[in-house]
Amino acid sequence: MAEYIHVSVAWPYANGDLHIGHLAGAYLPADIFARYHRLKGNHVLMVSGSDAHGTPITVQADKEGVLPRAVFERYHKRFLQTQKDIGISYDLFTHTDTDNHHRIAQDFFTRLLENKYLYRETQRQLYSVTERRFLPDRYVEGTCPICGYKEARGDQCDNCGNLLNATELIDPRSKTDGSTPEVRETEHYFLDLPAFTERLTAYLNHNKEHWRPNVINFARNFIEQGLQGRPITRDIEWGIPVPLPGWEQKRLYVWFEAVMGYFTASVEWAHNAGQPDAWKQWWYNPEAKIYNFIGKDNIPFHTIIWQAELLGVDGIYEDDPSRHLNLPFDVPANEFMNIEGAQFSKSRNWAVWLPDILTRYDPDPIRYYATAVMPETRDTDFTWEGFVSRNNEELVSWWGNLANRVLSFAYKHFDGAVPDPGALRPDDQALLEQVERGFTTVGDLLGGVKLRAALGEAMALAREVNGYLDRAPWFGVIKHDRQAAATTVYTALRAIDNLKVLLAPYLPHTCERLHQLLGYDSQLFGDQHIVTYQEGARPHDALTYDPTPATGRWTPSALPPDQKLRKPSPLFKKLDESVIEGERARLGK
């Protein structure tokens, strides 16, 4: 029976371009996982969008002297194009400034207030005398009181990962003008996180077996240290208004409303599809599974805070007040990806920006290398030497050359068609059985979100096919034993047809091409397209995806003899080693 799989992907702040760390941290893992489940024939809903209200956007807007909306809309459109180019197959990539998201975020606030999970409290916040305003958390930097990191933000320390309040910083300073702010009082609503301690602990214990150790341990430690109420409103002009009289000058805190995007985007997708209740299949169906793909800096928000919000709105949009929204089944957070041995730095331009790299390299080699060094359990390193080496030795030599030489031989010597194999020999049967077992071994790893291991298993099978061709008669016997060559070529083509499916979640562009070269008229995956439509009074761009119907392609090949092949061409390009130093020279410039 087909499963309902919800793939929730971290929402990037729309204040700058996406980089390789974003790709490896959340977007590529989510896409690989979603594509696998689509091939399995499961019902997949993959959503995300631009975070339009984060203070990084207002910080950037202040630097440029423009309104926050101008910054957010510019980068939202760039996000759409970049992710389409790299092949991230969302069912919907939207943003948090839609009428839909505003309405539901305010509904969540109201429901939490009715259920007595919100309380009012006077808070001490940092106030800039020179700027005459309270400083949002991202406008403040200082020394972390926990680890001593001197550039901790007002909401979180990027060095130790702990959540902070700006007033806890040692020697705080305004990022805008460097002045020292003073502490003043202001009233805000708080989310009563301690009220959820028992249920959150039970939730984590229930999921401890299939969550990654770094994620479950972080979340448990967070609770054991004692949950504290967190403010969910703030003094700022940009964002979602607090839906209460007298609070017109305050906005919902971005950390509170942005995580709701996984739910609000699901509702938006259903509305756009003309099935307004379809989202319930993933959010109310007890058999559905929700996966949150994030980076490790987002672990507390996606293992504790989002769950508390969901627990606190039981019965929302339903007549039955006891009916609750599904909590995430898994939160496969990745660690960080460094660049040439150093941490990413926007200020120093120490980054590999996706819009830039896509102008020089095809998307699938980027996807392949990012997966091969994906930081699933520890920080990893992107190096240009590694990128070139794996492209040339693995993609080109092991996989690309395998597919191209067998297809070229078949196209030339068997009238452009799949040859009739006759009776398969023991070695032929053994190879096909070994490759076909990959649908279980690779599939189990993919289903467990062990994406690097699954890729390694699939590429090991490609090497086995290369070894088979080294042993079996084909190239040298075509003139005096055409049937033996036909048997070998058919076996290799069928193995390649299987490998095409196993590798498709990782290499969708080239595997789609290979699918066509093998003579199929259908598509492995559907098409992505950017649509523009009106939602209320706001122009709204979104990335949507037309998936192939659930046909269960995650099954062994039944490649028919005599199927017409299309004229082959290489799938990948060999890279000259000179690009290594050229790319290194771009860093930090």
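Bear in mind that the values here come from a model prediction, so they are computed numbers and not experimental data.
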Worksheet entry | Geometric class of the F409/F475 ring pair [parallel <30°, tilted 30-60°, perpendicular >60°] | tilted
Worksheet item: Can you find a pair of side-chain heavy atoms, one from F329 and one from Y291, that are under 4.5 Å apart?
Response: yes
Worksheet item: What class does the angle between the rings of F382 and W384 fall in, given that below 30° is parallel, 30 to 60° is tilted and above 60° is perpendicular?
Response: perpendicular
Worksheet entry | Test: R390 cationic atom under 6.0 Å from Y368 six-membered ring centre, within 45° of axis | no
Item to complete: Indicate whether any N or O donor in one side chain lies under 3.5 Å from an N or O acceptor in the other, for T383 and D381.
Response: no
Item to complete: Any chance you could lay out the side chain to side chain contact (heavy atoms under 4.5 Å, CB included) test for E340 and L587, step after step, and finish with the verdict?
Response: CA-CA 9 Å; E340 294 286 353; L587 294 170; 3.7 Å; yes
Fill in: Minimum-distance pair of heavy atoms, taken over all atoms of A34 and V7
CB-CG2, 4.1 Å
Discussion item. Students often mix this up, so state it plainly: with edges at 30° and 60°, are the rings of F33 and H37 parallel, tilted or perpendicular?
Written reply: perpendicular
Worksheet item: Between R212 and N334, does any side-chain donor sit less than 3.5 Å from a side-chain acceptor?
Response: yes
Worksheet item: Rounded to the nearest 0.5 Å, how far does CG of L507 lie from CD of E512?
Response: 12.5 Å
Worksheet entry | Donor-acceptor pair, side chain of D91 and main chain of M46, under 3.5 angstrom | yes
Discussion item. Can you see whether S89 engages D31 through a side-chain donor-acceptor pair at a distance of less than 3.5 angstrom?
Written reply: yes
Worksheet item: Can you check whether W11 and Y13 have ring centres sitting under 6.0 Å from each other?
Response: no
Discussion item. Looking at N404 and P568, would you say the former's side chain and the latter's main chain have a donor-acceptor pair under 3.5 Å?
Written reply: no
Worksheet item: Does a salt bridge link D330 with K289, judged by any charged N lying under 4.0 Å from a carboxylate O?
Response: no
Worksheet entry | Taking every non-hydrogen atom, the tightest pair across W554 and L446 | CH2-CD1, 3.7 Å
Practice prompt. Verify salt bridge (Lys or Arg N to Asp or Glu O under 4.0 Å) between D137 and R153, making sure each step is shown before the conclusion.
Written response: CA-CA 7 Å; D137 44 31; R153 302 195 312 263; over 6 Å; no
Discussion item. Checking side-chain polar atoms at under 3.5 Å, does Y27 have a donor or acceptor matched by the opposite partner on Q83?
Written reply: no
Worksheet item: Do the non-hydrogen side-chain atoms of S569 and R513 ever get within less than 4.5 Å of each other?
Response: yes
Worksheet item: Is the shortest side-chain N to carboxylate O distance from R566 to D521 below 4.0 Å?
Response: yes
Worksheet item: Given side chains that start at C-beta, do those of I580 and L575 come closer than 4.5 Å, heavy atoms only?
Response: no
Item to complete: Measure from the side-chain N and O atoms of N214 to the backbone N and O of T377, and report whether any donor-acceptor pair falls under 3.5 Å.
Response: no
Discussion item. Students often mix this up, so state it plainly: with edges at 30° and 60°, are the rings of H53 and W238 parallel, tilted or perpendicular?
Written reply: perpendicular
Worksheet item: Rounded to the nearest 0.5 Å, how far does CE of M337 lie from NE2 of H22?
Response: 13.0 Å
Practice prompt. Specify the closest pair of heavy atoms between A495 and L432, including all atoms of both residues, with the distance to one decimal.
Written response: N-CD2, 3.9 Å
Fill in: Exercise: identify the closest heavy-atom pair between G438 and L461
CA-CD1, 3.9 Å
Item to complete: Test side chain to side chain contact (heavy atoms under 4.5 Å, CB included) on R553 and S522 and set out the steps.
Response: CA-CA 11 Å; R553 293 190 185 279; S522 60; 3.4 Å; yes
Discussion item. Any heavy-atom pair between the side chains of N392 and F572 that's under 4.5 Å?
Written reply: no
Worksheet item: To the nearest 0.5 Å, how far apart are CD in E151 and CG in D158?
Response: 9.5 Å
Discussion item. So does F79 get a backbone contact from the side chain of T82, meaning a donor-acceptor N/O pair under 3.5 Å?
Written reply: no
Item to complete: Determine, stepwise, if the pair E335 / R378 fulfils salt bridge (Lys or Arg N to Asp or Glu O under 4.0 Å).
Response: CA-CA 5 Å; E335 303 289 303; R378 60 179 178 81; over 6 Å; no
Worksheet item: Picking from D85, L28, I86, what satisfies side chain to side chain contact (heavy atoms under 4.5 Å, CB included) with I366?
Response: I86
Worksheet item: Is there side-chain contact between K84 and F93, with at least one heavy-atom pair below 4.5 Å?
Response: no
Worksheet item: Hey, does the Lys NZ or Arg CZ of K567 hover above the aromatic six-ring of Y411, less than 6.0 Å from the centre and inside 45° of the axis?
Response: no
Worksheet item: Is a donor on one side and an acceptor on the other found under 3.5 Å between the side chain of N292 and the backbone of S8?
Response: no
Fill in: Heavy-atom pair of closest approach, residues L565 and L407
CD2-CD2, 4.1 Å
Discussion item. Counting neighbours of CD on E385 that are heavy atoms of other residues, nucleotides or ligands and sit closer than 6.0 Å, is the number greater than 12?
Written reply: no
Discussion item. Tell me if the aromatic rings of Y262 and H302 count as close, with their centers under 6.0 Å from one another.
Written reply: yes
Worksheet item: Do we see a donor-acceptor contact under 3.5 Å between the side chains of Q434 and Y468?
Response: no
Practice prompt. Identify the residue among D379, N159, N338 that makes a side chain to side chain contact (heavy atoms under 4.5 Å, CB included) with Q343.
Written response: N338
Practice prompt. Answer yes or no: does atom CZ of R74 have more than 12 heavy-atom neighbours from other residues, nucleotides or ligands under 6.0 Å?
Written response: yes
Response to the item:
Value for CG (L503) from CD1 (I32), rounded to nearest 0.5 Å, stands at 11.0 Å
Worksheet entry | CA sep, side-chain torsions, deciding dist, call: Y369, L395, side chain to side chain contact (heavy atoms under 4.5 Å, CB included) | CA-CA 10 Å; Y369 182 62; L395 277 185; over 6 Å; no
Fill in: Ring centroid separation F344 to F336 under 6.0 Å
no
Worksheet entry | Side-chain touch C144/C160, heavy atoms, less than 4.5 angstrom | yes
Item to complete: Quick one: pull up NE2 in H95 and CG in N100 and give me the separation to the nearest 0.5 Å.
Response: 10.5 Å
Practice prompt. Spell out, as yes or no, whether a donor-acceptor pair under 3.5 Å connects the side chain of Q563 to the backbone of L518.
Written response: yes
Worksheet item: Is any side-chain heavy atom of L524 closer than 4.5 Å to a side-chain heavy atom of C511?
Response: yes
Worksheet item: Do the charged groups of E436 and R494 touch, with an N to O distance under 4.0 Å?
Response: yes
Item to complete: Could you tell me whether the side chain of D415 and the main chain of A417 form a donor-acceptor pair under 3.5 Å?
Response: no
Fill in: Polar side-chain atom of T94 near backbone of A542 as donor-acceptor pair, under 3.5 Å
no
Worksheet item: Under 3.5 Å, is there a donor-acceptor pair linking the side chains of D297 and Q156?
Response: no
Worksheet entry | For N15 against Q60, the heavy-atom pair lying closest together | O-CG, 4.0 Å
Worksheet item: Do R367 side-chain atoms and G87 backbone N/O form a donor-acceptor pair below 3.5 Å?
Response: yes
Practice prompt. Start with the C-alpha gap between I496 and W399, add the side-chain angles, then the distance that decides, and say whether side chain to side chain contact (heavy atoms under 4.5 Å, CB included) holds.
Written response: CA-CA 9 Å; I496 290 166; W399 173 231; 4.0 Å; yes
Discussion item. Can you see whether H101 engages E268 through a side-chain donor-acceptor pair at a distance of less than 3.5 angstrom?
Written reply: no
Worksheet item: Within a strict 4.5 Å, meaning less than it, do heavy atoms of the S48 and Y90 side chains meet?
Response: yes
Worksheet item: Any chance the side chains of Y139 and D62 put a donor and an acceptor closer than 3.5 Å?
Response: yes
